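Values below: every heavy atom of this structure, side chains too, minus hydrogens, waters and symmetry copies. What you see is a predicted model, and the numbers here were worked out from it, not measured in a lab.
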Amino acid sequence: MARLVSIDIDGTLEVGEPPGIVTVELVKLARRRGYIIGSCSDRPISYQQAMWQRVQIAADFTALKHRLDEVKARFPAAAYYHIGDTELDQFFADGAGFRFLSADPDAHRVWSIELLGSA
């Protein structure tokens, strides 16, 4: 069974405002490895969908971050991760039963190896 990765945009993804440390290439690598990929952000759904189109990734889902629980209900997965940069990201991830992965450089070095086998 696949693993699911939800990604916040602003402050987390390199194309966010401000840019974060999660690269588009890392997301593409996760996609190639069979992960269920999408975004849970404060940004409107239409913005999220347009962002995924711009970076040429076919996202499996886009949702508002307070609806992580709905993403979990919609996609059976072996594990659920939410990558974000704020305490609010962690709050919603924890509440929905996702493992929170912090988008800071020190944490990224650890979880990128766990998640993808590479830094």
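Between the side chains of R3 and Y35, at least one donor-acceptor pair of N or O atoms lies under 3.5 Å. For the residue pair S41 / Q48, no side-chain donor-acceptor distance below 3.5 Å is found, with atom types taken as modelled.
Using a distance-only test at 3.5 Å, with no hydrogens or angles considered, no donor-acceptor pair links the side chain of W52 to the main chain of G38. No side-chain donor-acceptor contact under 3.5 Å links D10 to the backbone of G16.
Residues H82 and V71 form no side-chain contact, since every pair of their non-hydrogen atoms from C-beta on lies 4.5 Å or further apart. No side-chain heavy atom of V15 sits under 4.5 Å from any side-chain heavy atom of R54.
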Self-check item: side chain to side chain contact (heavy atoms under 4.5 Å, CB included) between L64 and F92, worked out
Solution: CA-CA 10 Å; L64 299 174; F92 287 121; over 6 Å; no
Quiz item: R74 and R67: side chain to side chain contact (heavy atoms under 4.5 Å, CB included), yes or no, with the steps?
Solution: CA-CA 11 Å; R74 195 170 138 209; R67 295 198 164 157; over 6 Å; no
Exercise. Starting from the C-alpha separation in whole Å, work towards a yes-or-no answer on side chain to side chain contact (heavy atoms under 4.5 Å, CB included) for V27 and R31.
Key: CA-CA 6 Å; V27 178; R31 163 61 78 210; 5.7 Å; no
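Using cut-offs of 30° and 60° on the angle between ring planes, the pair F61 and F75 is tilted.
Because its NZ or CZ atom is both nearer than 6.0 Å to the ring centre of Y80 and within 45° of the ring axis, K72 counts as a cation-pi partner of that residue.
Interatomic distance, L29 CG to T23 OG1, rounded to the nearest 0.5 Å: 8.5 Å. Here CD1 of I83 is found 11.5 Å from OG of S39. Values are rounded to the nearest 0.5 Å. Note that OH of Y81 and CG of L115 are 6.0 Å apart. Values are rounded to the nearest 0.5 Å. Atom CG in D8 sits 4.0 Å away from atom CG in D89 (nearest 0.5 Å). The CZ atom of F98 lies 4.5 Å from the CG atom of L68; values are rounded to the nearest 0.5 Å. Distance check, rounded to the nearest 0.5 Å: CG of D60 to CD1 of I36 gives 6.5 Å.
When all heavy atoms are compared, the tightest approach of A93 to F100 is CB-CB, 4.0 Å. Contact between G11 and A103 at its shortest, heavy atoms only, is O-CB, 4.3 Å. Pairing each heavy atom of E14 with each of E25, the nearest pair is OE2-N, 4.4 Å.
Two different hydrophobic clusters hold I57 and L4 under the rule that ILVMFWY side chains link at heavy-atom gaps under 4.5 Å. When hydrophobic clusters are built by joining Ile, Leu, Val, Met, Phe, Trp and Tyr residues whose side-chain heavy atoms come closer than 4.5 Å, directly or via intermediates, I9 is grouped together with V22.
Surrounding CD of E87 are at most 12 heavy atoms belonging to other residues, nucleotides or ligands under 6.0 Å away. The local environment of OH in Y47 is crowded, with over 12 non-hydrogen atoms from other residues, nucleotides or ligands closer than 6.0 Å.
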